[in-house]
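Below: one structure, written as structure tokens.
The structure presented is a predicted model; accordingly, all values stated were derived computationally and were not measured. The first residue of the sequence shown is numbered 1, and numbering continues consecutively from there.
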Amino acid sequence: YSLAMILVGIAGYCLPKIAQEVSVHISFFIFVIMFCMGLTTTPERLKESLFNIRGIVIFLCLSFGLAPILSWILGRIFFPPTHGLFVGCILVGCTSTTISSAIVYTRLSSGNNALSLILSNIGNLAGVFLTPFLIFIFLGKGIKIPVVPMIINLTVLVLLPVILAQVLRRFFTILSKMEGFAIAIS
């Protein structure tokens, strides 16, 4: 996966026109990945993961507590506070993990996909509110985030395909038997 990401990055740099054309379809790819994740996860596993309070609290503390603190420390070690790379360290540290990378790495390591899906969604929804606050704390500057459009976007791209997959899985049992195909796609 990491090698593929490096190759895609190089290809995007070398072929910017093609990268721009592909980037228009990123939302569709995310929708498909989330739909396939919904097909490969049972409702019971999703419910179990949704009520895994210990896992959720640990995830939120690491993502919005430890990560920003470590990024601030590392940024201060390597860059002056006014340097752009210091600001970049803070931005990366204050932002929750991307949905796609968390799910891909969990799938590659044979981890709990349902928990990954739930934590990614919680992290991204919490990030809409916590990231501006953390950036203000660590950089002393406020940023504006269009909260409603972001929540709508997350709902359409992440929650809707999972819910749709769960509904279709329930009514069309053949879909639950296509798990190998869905795993390969996601």
Side-chain angles (χ1 to χ4, degrees), residues 1-2 5 8-9 12 23-24 26-31 33-35 37-38 41 45-109 111-164 186:
Y1 175 76
S2 297
M5 293 303 294
V8 167
S23 69
V24 172
I26 291 293
S27 296
F28 171 75
F29 296 138
I30 292 172
F31 188 94
I33 289 169
M34 300 315 306
F35 180 79
M37 285 297 295
T41 306
R45 294 287 310 244
L46 286 172
K47 183 178 178 184
E48 176 187 314
S49 297
L50 185 61
F51 293 104
N52 183 344
I53 303 303
R54 180 175 172 250
I56 292 170
V57 168
I58 290 170
F59 168 77
L60 290 172
C61 288
L62 290 174
S63 292
F64 297 107
L66 185 62
I69 291 168
L70 287 177
S71 67
W72 183 84
I73 291 169
L74 289 172
R76 290 296 300 218
I77 290 171
F78 293 109
F79 310 108
T82 56
H83 197 279
L85 290 175
F86 173 77
V87 173
C89 284
I90 298 300
L91 292 175
V92 168
C94 293
T95 308
S96 184
T97 182
T98 63
I99 293 171
S100 58
S101 67
I103 290 170
V104 168
Y105 285 127
T106 301
R107 174 118 12 205
L108 288 174
S109 65
N112 185 337
N113 293 317
L115 185 59
S116 171
L117 190 60
I118 295 295
L119 292 179
S120 295
N121 281 298
I122 288 172
N124 280 280
L125 288 172
V128 171
F129 302 101
L130 291 175
T131 297
F133 173 74
L134 290 169
I135 288 171
F136 180 76
I137 295 292
F138 287 101
L139 293 177
K141 298 175 183 173
I143 61 167
K144 288 190 176 200
I145 291 183
V147 174
V148 173
M150 283 188 84
I151 290 175
I152 290 170
N153 195 29
L154 284 169
T155 301
V156 170
L157 292 179
V158 178
L159 296 176
L160 181 65
V162 172
I163 292 168
L164 179 63
S186 64

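Counting all heavy atoms, side chain and backbone alike, Gly55 lies closest to Leu119 at O-CD2, 4.1 Å. The two residues Cys89 and Ser71 make their nearest non-hydrogen contact at O-CB, 3.2 Å. Counting all heavy atoms, side chain and backbone alike, Trp72 lies closest to Ile90 at CA-CD1, 3.5 Å.
Note that CG of Asn113 and OG of Ser49 are 9.5 Å apart. Values are rounded to the nearest 0.5 Å. Taken to the nearest 0.5 Å, the CG atom of Leu85 stands 11.5 Å off from the CZ atom of Phe78. Note that CZ of Phe35 is 12.5 Å distant from CD1 of Ile163, once rounded to the nearest 0.5 Å. Distance check: Leu139 CG to Thr82 OG1 gives 11.5 Å after rounding to the nearest 0.5 Å. Taken to the nearest 0.5 Å, the OG1 atom of Thr95 stands 9.0 Å off from the CG atom of Leu134. Residue Ser27 holds its OG atom at 6.0 Å from CG of Asn153, rounded to the nearest 0.5 Å.
Between Met34 and Leu117 the shortest side-chain heavy-atom distance falls below 4.5 Å. Using a 4.5 Å cut-off on side-chain heavy atoms (C-beta onward), Leu91 and Ile135 make contact. Put simply, the side chain of Pro81 reaches to within 4.5 Å of the side chain of Arg76, judged on heavy atoms. A 4.5 Å side-chain heavy-atom check between Leu154 and Leu159 finds every atom pair outside the cut-off. Looking at heavy atoms from C-beta onward, Val158 lies out of side-chain contact with Asn124 at the 4.5 angstrom threshold. In this structure, Thr131 and Phe64 have side chains that are in contact, with non-hydrogen atoms separated by less than 4.5 Å. Contact of the Asn52 side chain with the Ile118 side chain is not registered, since no non-hydrogen atoms from C-beta on lie closer than 4.5 Å. Between Leu74 and Phe79, the closest side-chain pair of non-hydrogen atoms is not below 4.5 Å.
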Assess whether side chain to side chain contact (heavy atoms under 4.5 Å, CB included) is satisfied between Val162 and Leu46, documenting all intermediate values.
-> CA-CA 10 Å; Val162 172; Leu46 286 172; 4.2 Å; yes
Full working for side chain to side chain contact (heavy atoms under 4.5 Å, CB included) between Phe138 and Ile69 | CA-CA 9 Å; Phe138 287 101; Ile69 291 168; 4.0 Å; yes
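No donor-acceptor pair closer than 3.5 Å links the side chain of Ser116 to the backbone N or O of Asn112.
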